[in-house]
Amino acid sequence: MDKLFIFDTTLRDGEQVPGCQLNTIEKIEVAKALESLGVDVIEAGFPVSSPGDFNSIVEISKAVTWPAICALTRAVEKDIEVAAEALKHAKKKRIHTGIGVSEYHIKYKFNSTREEILERAVACVKYAKRFVEDVEFYAEDAGRTDNAYLARVVQAVIDAGATVVNIPDTTGYCLPTEYGAKIKYLTDNVNMKNAILSTHCHQDLGMATANSIMGVLGGARQVEVTVNGIGERAGNTSLEEVVMAIKSHKELNIETNINTQKIYPVSRLVSNLMNMPVQPNKAIVGRNAFAHSSGIHQDGVLKHLSTYEIIDPKDVGIDDNAIVLTARSGRAALKNRLNLLGIEVDDDQLAELYQRFLDLADRKKDITDEDVLILAGKETDRMRRIKLDYLQVISGHGVRNVANVGLDIAGEKFEASASGNGPVDAAIKAVKQIIRRQMVIEEFLIQAINRGSDDIGKVHMQVEHEGINYYGFSANTDIVVASAEAFINAVNKFVK
Ligand code: KIV
Ligand code: ZN
């Protein structure tokens with residue numbers, strides 16, 4: 001098997017996204033998680049860009065043992081000196097230096113010529129080699145660069161000592177066949193004895209994973225990726241997609257060092273720390289990635305997983321698949337859910353229940369366990385025990401955010417007040433004061449249904465309790481009320 005090196009740039013290209021900035025402690029947490037995931041290289045930042053970035057690279061270098069720590073620079077001597085200094089505690093260190101090589105960059109960014117850019121490329125690699133052995137060169141905008149010139153640059157930087165040459169599709173422009181052919185052209189026309197090629201693809205046309213895989217088929221032996229595909233504009237190639245594509249296609253004879261069972265926990269960590277929700281239908285790590293809702297699929301999966309599943313959810317650290325009951329579900333799915341809830345039915349009972357189930361499913365999108373229990377006449381008093389009686393919040397500019405909450409728990413009334421760093425935080429804290437359990441909000445997503453300011457806000461929330469995630473949902477024109485209700489909805493699923 002050929003080894004494919006995983007170069008993670010969540011903390012550099014990923015962290016450039018507005019609103020995703022992390023402090024040093026959070027970056028160390030992500031770096032350690034990436035280490036346990038098994039990535040080969042962690043690109044920890046662009047040290048000359050800010051003291052914060054510099055400091056994070058220093059601290060990550062101290063905290064992490066196994067992966068190489070990489071720092072980005074421009075083809076500028078000062079950048080390279082600062083990177084070398086930031087990496088001084090790293091057990092394995094790499095400087096990632098480079099310059100734009102497309103006509104767009106040469107003409108408009110540098111007002112230069114191809115020959116001059118080639119000289120600068122060689123010079124920056126030679127300069128970086130004075131400080132570290134492992135130097136990666138990036139040929140920025142290689143995706144839009146003519147292959148013959150690109151090959152000259154790649155050969156020259158390898159001759160100057162580059163150990164890895166990164167071929168970025170900086171603008172996410174390439175088609176998979178085009179990008180694969182580019183890497184193949186370089187593999188065939190450059191002496192690659194002392195270096196490997198790396199892919200670095202962006203998602204502007206939604207082809208980052210396909211392009212990276214085609215690059216690997218063309219001979220690249222490193223892929224640059226981010227967790228959840230987070231990154232500039234539409235994002236970078238997502239780690240989980242490339243790793244699972246390689247793992248699923250054994251015939252490629254390629255392996256990575258990734259412990260795939262850590263994929264989901266690391267995805268959650270990055271999403272939470274960066275405040276960047278994962279889209280529900282995101283491959284591998286989205287909420288619906290292993291949820292089956294059509295009747296035909298549910299029936300197949302219940303007969304044998306391989307009918308509609310190519311990945312065992314446990315392989316990526318997700319407990320199980322989910323059969324979502326909707327109007328498209330068949331009898332097999334309903335029977336399965338009844339059995340899981342401890343209810344045995346004969347064929348006649350199932351036929352009768354299924355009719356009532358369809359009536360309900362026509363009116364209600366998702367059928368919950370509670371709905372099924374009610375249909376089966378097994379409603380228990382634990383259901384919907386906690387209800388929001390009232391919620392009053394004071395919030396605004398220059399005032400403390402305070403919430404007064406009234407809950408009805410199985411007919412009994414409770415009240416609490418709390419302050420928080422916003423109205424939602426205050427409301428949730430007040431609810432928590434009444435329901436004193438260990439519970440952590442793992443995911444919190446607010447969406448507008450239409451567009452106007454009179455819109456209904458939908459809130460999805462995942463609340464962790466004793467190692468299990470419970471999902472809550474609510475919709476309301478008041479997003480603070482919707483948030484509190486979604487929280488209560490999730491809590492109702494574990495409070496006995
Ligand atoms: O997309 C890109 O070209 C980059 C380089 C700086 C490696 O992120
Ligand atoms: Zn990039």
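When a ligand or atom number is given, it counts from 1 through the structure's own listing order. Just so it is clear, the model here is predicted, and its values are computed rather than measured.
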ask   = Is the shortest heavy-atom distance from the side chain of Val82 to the side chain of Pro47 under 4.5 Å?
value = yes

task = Classify the side-chain pair Thr163/Asp134 by whether it contains a donor and acceptor separated by less than 3.5 Å.
result = yes

ask   = Would you say the side chains of His202 and Asn211 form a donor-acceptor pair under 3.5 Å?
value = no

message = Quick check against the 3.5 Å criterion: does Thr187 have a side-chain atom that pairs as donor or acceptor with the backbone of Gly218?
response = yes

inquiry  = Taking distance alone, with N or O pairs closer than 3.5 Å, would you say His202 contacts ligand 1?
reply    = yes

task = May I ask whether Arg12 has any heavy atom positioned less than 4.0 angstrom from an atom of ligand 1?
result = yes

message = At less than 4.0 angstrom from any non-hydrogen atom of Glu140, what atoms of ligand 1 do you find?
response = 3 (O)

inquiry  = Suppose we measure from atom 4 (C) of ligand 1 to each protein heavy atom; which comes out shortest, and what is that distance?
reply    = His200 NE2, 3.5 Å

query = Would you say Asp13 has an N, O or S atom lying under 2.8 Å from the Zn ion (ligand 2)?
reply = yes

inquiry  = Less than 6.0 angstrom from the centroid, inside 45 degrees of the normal: does Arg120 satisfy that with respect to the ring of Phe110?
reply    = yes

message = Looking only at side-chain N and O atoms, does Asn236 offer a donor or acceptor that is under 3.5 Å from a partner on Asp13?
response = yes

ask   = Vertex the Zn ion (ligand 2): angle to NE2 of His200 and NE2 of His202, to 10°?
value = 100°

task = Quick one: look at Asn166 and ligand 1, take heavy-atom pairs under 4.0 Å, and tell me if it's side chain, backbone, both or neither.
result = side chain

request  = Check the pair His96 / Tyr138 against ring-ring contact (aromatic ring centres under 6.0 Å, His included), numbers first and verdict last.
outcome  = CA-CA 7 Å; His96 189 193; Tyr138 64 86; 5.1 Å; yes

message = When you compare ligand 1 with Thr170, is there at least one nitrogen or oxygen pair between them that comes in under 3.5 angstrom?
response = yes

ask   = Considering distance alone, does some N or O of Asp13 sit under 3.5 Å from an N or O of ligand 1?
value = yes

message = I need the atoms of ligand 1 closer than 4.0 Å to a non-hydrogen atom of Pro168, numbered in the order shown.
response = 2 (C), 3 (O)

